[in-house]
> 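Can you read through this structure? Questions will come right after.
Every chain is numbered from 1 and lettered A, B, ... according to where its sequence line falls, protein lines coming before strand lines. Fair warning: this is a prediction, and the values are worked out from it, not measured in the lab.
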Protein chains: 2
Amino acid sequence: MTTVRRSDATRAAILEAARERFASDGYERATIRAIARDAGIDPSMVMRYYGNKEGLFAAASEIELDLPELGLLPARHIGAVLVTHFLERWERDDVLTGMLRVGVTNEAGAERMQAVFARQLGPVTRGVCPDPDQAPRRAALVASQILGMALARYVLRLPPAVEMSTDEIVAWLGPTVQRYLTAEAP
Amino acid sequence: MTTVRRSDATRAAILEAARERFASDGYERATIRAIARDAGIDPSMVMRYYGNKEGLFAAASEIELDLPELGLLPARHIGAVLVTHFLERWERDDVLTGMLRVGVTNEAGAERMQAVFARQLGPVTRGVCPDPDQAPRRAALVASQILGMALARYVLRLPPAVEMSTDEIVAWLGPTVQRYLTAEAP
DNA sequence: TACCGTAGCCAACGAGCGTTGGCAAACAAC
DNA sequence: GTTGTTTGCCAACGCTCGTTGGCTACGGTA
């Protein structure tokens, strides 16, 4: 459909640099000039291809959680599977850390984050919890525990949270997530 | 010991304005000029009394969690008590929200947050968990769940997390925290 | 070869930032 | 009443930011 442009490589380089900068510095401190320097091009190119800083952020924060289909596996393992998946997703690259960082300081970032979780985590929970109308609430509980661990481990870097192995985290958080998804409402 | 200065009212006004700005805007977007405007004085006064922006932030983020003595109450209620206490503390003012916001984008903020939790949450957990050498780890797990809920509810404002009543949150998170503190290590 | 859209860089703009130094008024000490 | 200290404001500094407009050079097309 869209043809290949000569500038595609540049666009991709900008996007990659932007993701890294937003992730490590947050929205305000991630400057267009620094992103352009990382990408090896002129700051004005960023403006040409993405309009302005907000547009660049919007393009850089398209996120896929790649959640597994929970309905296809044993009901009693979904907590551990979900936690494992998120930990892997979080360690694979720093896009999620970036989204978290930006979501905290930037209104557009927070909305993006709401959308990602509503659209990608919501449906997954709807299939496994006993009361489908409570699914959003249960998804929010799961998000609170998973985002909280990511916050403690990857952003705030609380030493005990950093030192724990992923297995250990799964062993502790798995049952929590499992309960939030499948237990009867308290 | 220190005598009362005529400028104490000004100092206090600056501090209050700084706390609000840091809380709502984060470290970078909270400008000294805006804080001074809120406090009704000149920006240069902020520099005179607090040295620079970092000094102002350090002074504005002295935080007391006011945690209760967990040893004094029934062991099986400490999870609910802790969650209740944090929710109240969080809703009372926006200092904690601010600390969270700044801790995410600012290195000094993250360190301040590490210190607050290590110094104030750590000791409380040490008395109630079965293996005192694992106390920091358990405290980090508790922090991950409580900070995660604060993140979802007060910062990102995920709609389902905002809509839940505090009782409901306590009913869900209480057992989680209880388990992190008192259950045998998995 | 002549042409035209695209890709890229350079230089500059206006604005906002943290921060500084000096000056005027209010107060305190003698 | 004079002197020294505190409190406050004003004006400016150097810097970085996002953003703009114009210029050169390249690549495909006729």
> Using a cut-off of less than 4.0 Å, is there contact between a side-chain N or O of A:T10 and OP1 or OP2 of C:dG8?
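Yes, because at least one side-chain N or O of A:T10 sits under 4.0 Å from OP1 or OP2 of C:dG8.
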> Could you tell me whether A:R153 and A:E91 make a salt bridge, using a distance below 4.0 angstrom between a side-chain N and a carboxylate O?
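A:E91 and A:R153: salt-bridged.
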> Does a donor on one side chain sit under 3.5 Å from an acceptor on the other, for A:D42 and A:S44?
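The criterion, which ignores hydrogens and geometry beyond distance, is satisfied for A:S44 and A:D42.
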> Decide if atom CD of B:E168 counts as having more than 12 heavy atoms of other residues, nucleotides or ligands within a radius under 6.0 Å.
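Counting neighbours around CD of B:E168, more than 12 heavy atoms of other residues, nucleotides or ligands fall under 6.0 Å, so yes.
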> Between B:S144 and A:Q145, do the side chains contain a donor N or O and an acceptor N or O under 3.5 Å apart?
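There is such a pair between these side chains.
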> Near DNA chain D, under 4.0 Å by heavy atom, which residues of residues 41-55 of chain B?
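Close to the strand are B:I41, B:D42, B:S44, B:M45, B:R48, B:Y49.
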> Would you call A:D131 and A:R138 a salt bridge, taking side-chain N to carboxylate O under 4.0 Å as the test?
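Yes, this pair counts.
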> Taking only heavy atoms on the protein side, list every residue of residues 16-37 of chain B lying under 4.0 Å from any atom of DNA chain D, sorted numerically.
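The stretch gives B:R33 as the residues lying under 4.0 Å from the strand, ordered by number.
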> B:F57: what forms a ring pair (Phe, Tyr, Trp, His ring centres under 6.0 Å) with it, not counting sequence neighbours?
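Once residues adjacent in sequence are excluded, the partners of B:F57 under the ring pair (Phe, Tyr, Trp, His ring centres under 6.0 Å) criterion are B:F22, B:Y27.
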> What I want to check is whether the side chains of A:R179 and B:T176 have a donor and an acceptor closer together than 3.5 Å.
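Short answer, yes.
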> Rounded to the nearest Å, what distance is computed from the CZ atom of residue A:F57 to the C1' atom of nucleotide D:dG18?
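For the pair A:F57 CZ and D:dG18 C1', the rounded distance is 17 Å.
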> If we only count heavy atoms from C-beta on, is the B:V155 to B:L151 side-chain gap below 4.5 Å?
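They are in contact (side-chain heavy atoms under 4.5 Å apart), so the answer is yes.
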